[in-house]
Each structure stands twice: as C-alpha cells, then as structure tokens.
Amino acid sequence: MLQSSQPFPSCTPWASPSRADPFPTAPLPALPRPPSSSLATYPPRPADPSPVTPPSTSPSPASPSPPAPCSCWATPSRIAPPRAPRNRRAPSLTAPSSPDSAGAPCPPACTSGVGPPHPKTPLLPEWVPEGWLPPPHPACGVPGPMGEAPAAELDAVLGGGGWDVGVSFEGPPPPTGPIRLGRNACYVVLAVLFNEEDGVLLVQEAKPECRGKWYLPAGRMEPGESIVAAMRREVKEETGLECEPLTLLALEERGPAWIRFAFLARPTGGTLKTLEEADAESLQAVWWAGDPSALPLRAPDILPLLDLAARYRRSPPHPPTLPQELPCALLCLRLLVAFANDAGDLWVLLGTAGTPHLPVVACGTSLAELRGGLRLPVLRLLRDCLPTDPRPGPLGLLGLQHRAGGPGGADGICFNMLLTIPPSSPGAAPPEPHSPSVCWWHVEEESLRGRILQRLRAAATVPVRG
C-alpha cells in the first residue's frame with residue numbers, strides 16, 4: 001500500500017491568495033530566539049544530474065556513421081528512436097527465422113551456429129544512448145545480447161530520464177480529453193531550503209485563513225509553467241530568495257485533482273523578505289534553526305517532509321531526481337514492474353504491442369478514478385493481465401517528464417514508477433500472464449540486472465505518498 005500522509009491542511013497551499021487582504025498596520029511580535037539546530041549538517045552540493053533524454057531521430061552532421069561489421073548488424077536507418085505510436089500487434093521478442101526478401105541473406109556463420117558469434121556492437125556516436133544494441137537480423141533471427149528488449153528505454157528510466165510516451169496505452173482506453181491545470185488537475189509545488197547554519201526557510205502566512213501561521217514556501221502551479229519554474233517563482237514571491245532545485249523529496253498525490261511536488265533546493269541569491277515588505281503572498285520569511293514544531297504551524301504535514309530532507313542531507317537514499325522536459329498530454333504512469341526471487345533471478349514486465357516496451361497506463365478523471373489516486377490504474381492493469389491478485393509492493397518514483405504548454409496546451413505528466421511483485425515461494429518464477437498484451441522478460445545482462453536490484457533492495461526511489 002502507499003504510505004499514508006498527514007491530513008492535508010484546510011488552508012491548502014494552492015488556495016488563491018486574497019489580494020485585497022490588508023497589510024498589518026503594526027509590526028508583528030518578533031520571533032523568539034531559536035535554540036540550537038537539531039538538523040543535520042548539509043554536505044557539499046551534489047553534482048548536477050545528467051538528464052537522460054530520448055535520442056534524436058537523425059545524427060548530427062559532424063557525427064560519423066557507425067561501421068557495419070556484417071549484414072546482420074547493418075546500421076538501421078534510424079538509430080534507437082524514441083518509441084513511436086504503437087499498433088496492437090503482439091510480436092514475439094525475437095525476429096522470425098524466415099529468409100529476408102528485402103536484402104542479402106545472412107552469412108552462414110550467423111545461421112548455422114557453427115562460426116564465430118556476432119561481433120560486438122561497434123563504437124557508436126555520442127548521440128546514441130548507452131546500452132543500445134541493433135535489432136536482430138530478419139533473415140537469421142539472431143538477436144543481439146539484449147534481444148529486442150527496450151535497453152535504451154530502461155537505461156533512460158533508471159537514470160532518471162524520460163522517454164516518448166506514444167499514443168496507445170496498456171489497460172482500458174485513456175480519457176478522451178487532455179489534462180489541463182485549473183480544469184481537471186491541480187499541481188502544487190513546495191520547497192525545503194537550508195542555509196549554512198542549518199536553518200530551514202519558513203514563511204509567515206498572509207492569507208486570512210491562516211494569517212500569522214508558519215509554513216514552507218509552497219503554492220499552486222499555473223498553466224503554461226514548468227514544475228521547476230513554478231517552484232522557483234513561489235520561493236521568490238514568498239521569501240524574496242532565488243533558488244535552484246537539488247532533487248525531488250516526495251510526490252504527494254490524491255489523483256489528478258491534487259498532486260504536490262516537494263523539492264529540496266538551495267538558495268542562490270536574493271534578499272530575505274521582512275515585515276516591511278509584507279504583501280498578499282506572505283508577511284515575512286526567516287531562517288529558523290530550532291524545532292519547527294515549536295512554532296504555530298499552518299499544518300503539521302510539513303514535518304515529515306523536513307525529516308525526509310534531513311535524512312537526504314545525511315545520506316541520499318536515491319539519486320538526484322528532477323523533472324525532464326518532454327511533452328505528455330495525459331496523466332500517465334510508465335511502469336517498471338520487477339519480479340525477483342531468492343535465487344537472484346529477475347524479470348521485468350513488458351508491453352508487447354509493437355516494439356517491446358515498458359507498460360504505460362493512463363489515469364482517468366472520473367470521480368471514482370480521482371478517489372483511487374495514481375495506484376488505481378496500476379492495480380487495474382496487473383489484475384487484468386496476471387492470473388492472481390498480484391498485491392504489488394509500494395510505488396516508488398524513478399523520474400517524471402512534463403513540458404509546459406504540451407500538445408494542444410495540455411499539462412500532462414508521465415511518472416516513471418518502480419514496483420515489485422513479491423514471489424509466492426523461494427525460487428519461484430513470475431506468474432504467467434493471461435493477456436497477450438504483456439509478457440515477462442528475463443533480465444540476464446549483469447549490469448542492468450544489478451541496477452534494477454539495487455533500486456529494489458535499497459528502496460532507492462522518491463517516495464510516493466497518497
């Protein structure tokens with residue numbers, strides 16, 4: 001089950017501020033001198049993550065074409081493109097063994113199994129993603145070491161990047177209309193910042209419902225705005241400081257109707273807002289070095305986020321994770337569903353429509369689907385495809401992609417989620433799907449298998465709270 005969060009405050013962080021709210025005519029009482037900090041010391045700023053994005057559909061003019069050692073490994077016309085719109089044909093994961101009528105026959109060494117194996121993939125230009133291998137030759141059907149498994153897609157997802165969503169989805173048909181902020185979705189941003197003395201940045205609220213109470217800088221994301229830009233704007237408006245994000249700390253959700261992105265960020269400039277600069281956004285901002293629970297808080301739901309931030313500063317449980325600039329019309333989830341047994345075997349669930357890929361499910365906007373949150377479409381897909389109730393483990397966020405003003409002005413987001421199907425017994429194999437739309441792929445490549453198992457065993461994902 002998803003982790004339970006504290007009840008959301010009655011004065012929600014996305015409530016529209018009252019611009020007519022009168023400013024205080026007399027100075028508010030000064031804050032008491034805070035006790036010594038109980039928060040952990042922040043380490044040096046981590047290196048900026050290298051976002052992984054889908055490769056371009058054509059090489060750069062200066063990039064040489066990779067050599068083709070034999071006809072089985074001839075360079076394709078498009079090098080590892082993002083997943084294109086899929087049809088509903090479900091081919092096997094290896095190419096057929098029928099002769100190739102469109103080109104020269106495969107060399108005897110490839111088809112007989114007597115000669116030397118296929119040469120390794122030649123050195124490819126830098127615009128080809130690491131881990132990509134050519135598809136199997138249609139004449140001999142001999143796949144590369146990864147077969148037709150989505151090696152580049154898996155590499156991008158595990159690296160915190162994004163991948164093309166496509167137009168078809170696993171499970172029930174997606175909703176007909178796009179996601180639009182202010183109509184059928186609400187995104188909220190929140191930031192946790194510390195200074196060199198371990199003080200946490202807090203703002204004093206100006207809204208009538210919670211005037212004088214304290215909270216983290218937070219607010220509603222506006223249409224046509226990126227997630228990171230919204231976070232920077234809210235911090236600037238409420239505290240007077242400039243900042244840059246370091247990582248997502250948590251994803252809090254109640255379906256498309258309410259999703260909050262909690263960031264860990266660091267200040268980069270600006271001047272702290274004082275009472276003399278009070279406006280409708282906030283009354284003032286302070287670096288508070290004491291126990292935040294000693295203050296009159298607007299709501300206690302920020303305390304678990306402060307604990308997450310303190311733990312991340314001591315020992316980051318997951319790599320830096322930030323939104324990727326890729327479009328998405330709907331609210332959907334790309335699923336890395338893993339099955340690992342005690343013997344160390346690992347399988348990953350793949351969608352089979354068109355090129356094998358990680359399954360993608362769309363979230364609906366009906367009342368029932370809104371109440372079910374992001375977990376509902378995941379459970380629906382697994383229960384439709386697997387013979388028994390899979391009872392998957394908790395969702396963990398590997399990354400997400402969003403582009404402001406996406407297709408048709410949509411504000412959709414694709415979340416890359418990791419979850420597990422627990423084995424029924426030691427050494428068990430995954431349950432055989434009863435739907436041709438998905439299949440299990442046995443991960444044998446050691447590096448990829450190790451990366452997935454490390455994420456599973458260490459729970460090295462951004463927590464999802466619903």
Side-chain angles (χ1 to χ4, degrees), residues 2 49-54 80 82-83 93 129-133 143-163 170 247-248 251 316-322 324 333-352 355-361 375 378 381-382 385-386 390-401 414-424 426-433 438-464:
L2 291 175
S50 299
V52 180
T53 55
R83 176 157 56 90
L93 291 183
E130 181 182 358
W132 178 83
L133 293 175
M146 295 290 291
E148 285 187 10
E153 184 181 8
L154 279 165
D155 187 69
V157 168
L158 288 171
W163 201 253
E170 278 65 44
T247 185
L248 272 169
L251 176 69
H318 58 80
T321 304
L322 294 173
Q324 302 297 304
L333 293 84
R334 178 184 285 109
L335 304 176
L336 203 171
V337 183
F339 182 98
N341 59 24
D342 295 343
D345 295 317
L346 175 69
W347 290 263
V348 169
L349 194 69
L350 298 181
T352 57
T355 303
H357 58 274
L358 295 180
V360 179
V361 295
R375 194 174 178 86
V378 178
L381 172 70
L382 297 179
C385 297
L386 300 181
R391 300 184 182 276
L395 292 175
L397 182 68
L398 293 168
L400 67 154
Q401 61 192 62
C414 181
F415 298 101
N416 295 331
M417 295 288 191
L418 175 67
L419 68 157
T420 59
I421 304 295
S424 57
E432 188 67 25
V438 297
C439 69
W440 289 104
W441 173 59
H442 189 210
V443 183
E444 297 180 345
E445 202 275 319
E446 286 297 326
S447 175
L448 179 61
R449 189 171 69 91
R451 291 174 66 190
I452 298 175
L453 289 176
Q454 188 275 334
R455 287 291 190 109
L456 291 174
R457 292 167 179 169
T461 58
V462 177
V464 180

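Heavy atoms only: backbone and side chains are in, while hydrogens, waters and symmetry mates are out. These figures come from a predicted structure and were not determined experimentally.
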Worksheet item: Got H318 and L397 here, is their nearest side-chain heavy-atom distance under 4.5 Å?
Response: no
Discussion item. Rounded at 0.5 Å granularity, tell me how far CG in L349 sits from CD in E170.
Written reply: 9.0 Å
Worksheet item: R334 side chain to V360 main-chain N or O, any donor-acceptor pair under 3.5 Å?
Response: no
Worksheet item: Taking E153 as the fixed residue, which of L350, L158, L358, L336 is the one that meets the side-chain contact (heavy atoms from CB on, under 4.5 Å) rule?
Response: L358
Practice prompt. Taking all non-hydrogen atoms of both residues into account, name the closest pair between I421 and V337 and its distance.
Written response: CG1-CG1, 3.7 Å
Fill in: Atom pair CD (E444) and CG (L346), whose distance is rounded to the nearest 0.5 Å
10.5 Å
Practice prompt. Return yes if some donor-acceptor pair links the side-chain N/O of R449 with the main-chain N/O of G344 below 3.5 Å, else return no.
Written response: yes
Worksheet item: What are the two closest heavy atoms between L398 and R455, and how far apart are they?
Response: CD2-NH1, 2.6 Å
Item to complete: Look only at the side chain of T321 and the backbone of G399, and say whether a donor-acceptor pair between them is shorter than 3.5 Å.
Response: no
Worksheet item: Hey, does the side chain of D345 reach the backbone of H442 with a donor-acceptor pair shorter than 3.5 angstrom?
Response: no
Worksheet item: Got a second to check how far S424's OG is from F339's CZ, nearest 0.5 Å?
Response: 6.0 Å
Worksheet item: Of the non-hydrogen atoms in A156 and G162, which two are nearest, and what is the gap between them?
Response: CB-O, 3.7 Å
Worksheet item: Judged by atom type as modelled, is there a donor-acceptor pair below 3.5 Å linking the side chain of Q324 to the main-chain atoms of L322?
Response: yes
Response to the item:
A340 and L453 have their tightest heavy-atom pair at CB-CD2, 3.9 Å
Discussion item. I'd like to check M417 versus L251 (side-chain heavy atoms, cut-off strictly below 4.5 Å). Are they in contact?
Written reply: yes
Worksheet item: Quick one: which of T461, T420, L419 gives a side-chain contact (heavy atoms from CB on, under 4.5 Å) with L456?
Response: T420
Discussion item. Show the nearest heavy-atom pair for residues L382 and P392, with the distance to one decimal.
Written reply: CD1-CG, 3.9 Å
Worksheet item: Short question: side chain of W440, backbone of P431 - any donor-acceptor pair under 3.5 Å?
Response: yes
Worksheet item: Which heavy atom in A338 sits nearest to a heavy atom in I452, and how many Å separate them?
Response: CB-CG2, 4.4 Å
Worksheet item: Any side-chain heavy-atom pair from L248 and L400 closer than 4.5 angstrom?
Response: yes
